[in-house]
There are 2 protein chains.
Amino acid sequence: MGKTRPGGHAVRMIDVARAANVSLMTVSRALKEPALLSEETRKLVLDTVRRVGYVPNHIASNLASARSNVVGQIVPSIQNSLYSHSIKGCADVLRTAGVQLLLADSGYSLEDEEALIDAFLAQRVCGLVLHNTVHTPRAAQMIRAAGIPIVETGDLARTPIDMAVSYSNFNAAKEMTLYLAGRGYKSIGFVCLTTKNNMRARERLKGYHAALTALGRERNPGLVREVEGGLTSGAHAMVDMMQRAPEVDAIFFAGDVLAVGALFEAQRRNWKVPERIAIAGFDDLDILRHTVPRLTCLNLPRLEIGRRSAEALLQRMRSNEPAVPTKLDLGFEIIQREST
Amino acid sequence: MGKTRPGGHAVRMIDVARAANVSLMTVSRALKEPALLSEETRKLVLDTVRRVGYVPNHIASNLASARSNVVGQIVPSIQNSLYSHSIKGCADVLRTAGVQLLLADSGYSLEDEEALIDAFLAQRVCGLVLHNTVHTPRAAQMIRAAGIPIVETGDLARTPIDMAVSYSNFNAAKEMTLYLAGRGYKSIGFVCLTTKNNMRARERLKGYHAALTALGRERNPGLVREVEGGLTSGAHAMVDMMQRAPEVDAIFFAGDVLAVGALFEAQRRNWKVPERIAIAGFDDLDILRHTVPRLTCLNLPRLEIGRRSAEALLQRMRSNEPAVPTKLDLGFEIIQREST
DNA sequence: CTGTTAGCGCGTTCAA
DNA sequence: TTGAACGCGCTAACAG
């Protein structure tokens with residue numbers, strides 16, 4: 001693709017050196033190891049750098065030093081606000097360390113993820129953050145072969161490739177189900193995203209089932225729905241479930257904005273929440289705090305996951321320690337509001 | 001930062017060449033210009049590439065060819081869903097061209113934007129997308145000096161540094177105001193984000209005023225509020241305005257989720273919308289289609305702006321044309337719903 | 001069609 | 001504290 005400078009020649013380090021009447025290495029040091037130079041020389045060089053408008057060439061620097069200052073992050077969807085919190089956390093921490101963020105979304109596809117990992121490795125990223133704990137065999141193998149630190153988020157991987165930073169979808173779904181039971185709901189419905197190709201949804205469903213088992217309740221297929229994302233899906237799932245299983249008194253929407261969609265539908269139909277039907281959501285989206293009634297949900301450490309992932313990468317990069325697999329469970333909390 | 005391969009040596013192009021018993025250039029060509037090779041050689045090389053697990057080193061490639069395949073994008077906020085649509089559009093188009101996206105957020109600060117531009121130029125990005133039409137003098141000068149294509153979005157810049165792809169905030173705000181007047185509202189309030197340091201908010205306010213002038217109405221400071229972002233701000237602004245200027249019959253919330261916050265507040269207070277107060281929003285957030293009542297708003301081509309920005313960059317990169325300043329106005333539309 | 005030569009801009013290493 | 005030589009992994013330009 002594009003020539004870096006169609007318009008002319010960039011100022012190189014050697015140009016600065018000549019302009020300041022020092023060697024190239026002195027310029028290099030003034031920029032990277034200023035302590036090694038006399039104050040006089042350092043000042044001269046840095047002034048010259050500014051005067052001639054020199055912009056360091058990290059790409060050459062990276063090649064020469066066999067290091068990189070770019071981290072790659074792959075999320076299922078850039079537009080989904082849940083992931084943007086992780087991205088933000090990651091970007092913030094990386095920035096303070098002078099590391100750049102290469103971003104891409106996989107569209108929930110393992111094949112696309114593999115292609116992106118390929119591309120990122122070709123860019124010689126010095127670390128990787130994946131919102132995924134399942135990968136194609138080739139992807140996993142490439143990452144291992146690259147020997148760079150990598151953090152898997154999105155769920156607590158049983159056997160991380162390298163490191164894992166997340167909460168447990170299983171536990172979160174289980175605890176919320178138990179919590180609803182504790183508030184007296186006898187027939188708790190469960191709605192999640194399609195579990196096919198979505199390990200996180202699968203874990204949540206398992207957690208729901210585990211809670212039923214713990215409660216000594218029967219599984220009832222009529223109380224479970226797998227749907228696509230979106231406000232409309234949540235609305236449909238609720239209406240449908242209440243028709244086919246009229247005994248349902250609470251629904252736990254374990255995904256995205258499903259709960260909000262259901263709540264709006266209830267408003268439209270003038271169904272009282274929680275009297276007629278109780279609703280609980282998964283993520284603490286901003287909006288859940290402002291609906292009428294406000295929605296009970298889980299509070300997941302999305303931003304913190306991004307931050308801690310970046311920190312884990314940076315630490316591993318600095319201390320060239322061997323890749324000791326590490327799991328970091330950041331937990332979650334249940335937020336009680338008026339909808340349950 | 002991190003060594004690229006703490007664990008061992010990467011397979012280089014020369015290793016592939018030796019394994020396949022050809023010259024290094026033949027490997028390079030098999031990867032970049034396969035048409036130049038005999039089918040036999042090409043197949044041999046590509047097989048070897050796979051067999052030895054070679055991952056191209058774009059960083060070396062970029063250095064040698066003085067090209068880059070990374071585009072940088074800077075948005076005010078990564079978490080704001082408005083911008084994530086632009087990011088998505090940009091990322092999608094770039095991906096099909098094999099170009100990567102370096103992302104960062106400026107936090108609405110010009111100084112931070114300047115620092116990021118610095119960092120991106122050091123990474124030798126081959127193009128830049130900025131959601132901003134105002135920059136520090138040094139930032140603008142650095143960009144020009146770098147000679148790379150750049151797209152400014154977020155508003156239609158009067159004099160773009162290079163190219164501009166956007167809608168006009170001025171026109172959008174003006175048209176919506178006129179539209180509300182056309183629906184019979186006599187006293188139209190206006191709420192926007194703090195205009196200090198925010199050219200887009202400023203343009204919207206100007207558009208509102210221009211509409212009043214066109215309508216032959218007086219400006220009334222009691223009908224204008226500048227607030228911080230957030231659902232709560234919208235709610236407060238509405239309540240406050242209705243107390244101090246009881247004649248207000250419609251409020252145009254020209255920013256973010258302000259309108260949603262106001263609507264929720266109205267629900268809480270049992271104020272009928274639009275009978276007691278009409279509410280119009282700026283962006284067509286997903287949720288505006290699902291509230292009760294659904295919200296009238298503008299539909300802005302956020303995704304398309306990202307896509308077209310990326311396309312503009314790619315085109316400029318391919319044809320080494322001189323930097324002819326270009327403006328692309330993608331327009332907007334008004335979506336009438338029940339709230340007005 | 002394939003190979004050879006000469007760098008890209010910088011950091012590492014060693015010498016002064 | 002400073003400098004010179006060499007090479008990172010790859011591509012451009014030219015030769016065969």
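So that the names make sense, note that chain A is the first sequence line, chain B the second, and so on, each numbered from 1. This one's a predicted model, so the numbers in the text were calculated from it and none came from an experiment.
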Is B:Arg12 paired with B:Asp15 through a side-chain N to carboxylate O contact shorter than 4.0 Å? yes

Salt-bridge test for A:Glu304 and A:Arg308: reply yes if a basic N is under 4.0 Å from a carboxylate O, no otherwise. yes

Given atom [atom1] of [X] and atom [atom2] of [N], what is their separation to the nearest angstrom?
X: B:Arg12; N: D:dG7; atom1: CZ; atom2: P; result: 13 Å
X: B:His58; N: D:dC10; atom1: NE2; atom2: C1'; result: 11 Å
X: B:Glu33; N: D:dT11; atom1: CD; atom2: C1'; result: 11 Å
X: B:Leu36; N: D:dC14; atom1: CG; atom2: C1'; result: 14 Å
X: B:Ile59; N: D:dG9; atom1: CD1; atom2: P; result: 11 Å
X: B:Glu39; N: C:dC1; atom1: CD; atom2: P; result: 11 Å
X: A:Ile14; N: C:dG9; atom1: CD1; atom2: P; result: 11 Å
X: A:Asn57; N: C:dG9; atom1: CG; atom2: P; result: 7 Å

Among [options], the nucleotide that comes nearest once only the side chain of [X] is considered:
X: B:Leu63; options: C:dT2, D:dG9, D:dT11; result: D:dG9
X: A:Ser61; options: C:dC10, C:dC1, D:dT11; result: C:dC10
X: A:Arg67; options: D:dT11, C:dT12, C:dC10; result: C:dT12
X: B:Ser65; options: D:dA12, D:dC10, C:dG3; result: D:dA12
X: A:Ala64; options: D:dC8, D:dT2, C:dT2; result: D:dC8
X: B:Arg29; options: D:dG9, C:dC10, D:dC14; result: D:dC14
X: A:Leu24; options: D:dA13, C:dC10, D:dC10; result: C:dC10
X: A:Leu37; options: D:dT2, C:dG3, C:dG11; result: D:dT2
X: B:Ser23; options: C:dG11, C:dG3, D:dC10; result: C:dG3
X: A:Tyr54; options: C:dG3, C:dC10, D:dC10; result: C:dC10

Measure the NE2-CD1 distance between B:His135 and B:Ile143 for me, rounded to the nearest 0.5 Å. 5.5 Å

Need one value for B:Met25: base, sugar-phosphate or nothing, where a base atom within 4.0 Å counts as base even if backbone is also close, heavy atoms only. base

A:Val151 and A:Ser309 have their tightest heavy-atom pair at CG1-OG, 3.5 Å

If only side-chain N and O atoms of B:Ser38 are considered, is one of them under 4.0 Å from the OP1 or OP2 phosphate oxygen of C:dT2? yes

With a 4.0 Å limit, can you tell me whether B:Thr26 has a side-chain N or O closer than that to the phosphate oxygens OP1/OP2 of C:dT2? no

Reading DNA chain C from 5' onward, which residue's closest nucleotide shows up sooner: B:Arg42 or A:Met13? B:Arg42

Do B:Arg124 side-chain and C:dG9 base share a donor-acceptor contact under 3.5 Å? no

Donor-acceptor pair between A:Asn57 and B:Gln123 side chains, under 3.5 angstrom: no

Using side-chain contact (heavy atoms from CB on, under 4.5 Å) as the criterion, point out the one residue from B:Arg42, B:Lys43, B:Glu39, B:Arg29 that pairs with B:Pro34. B:Arg42

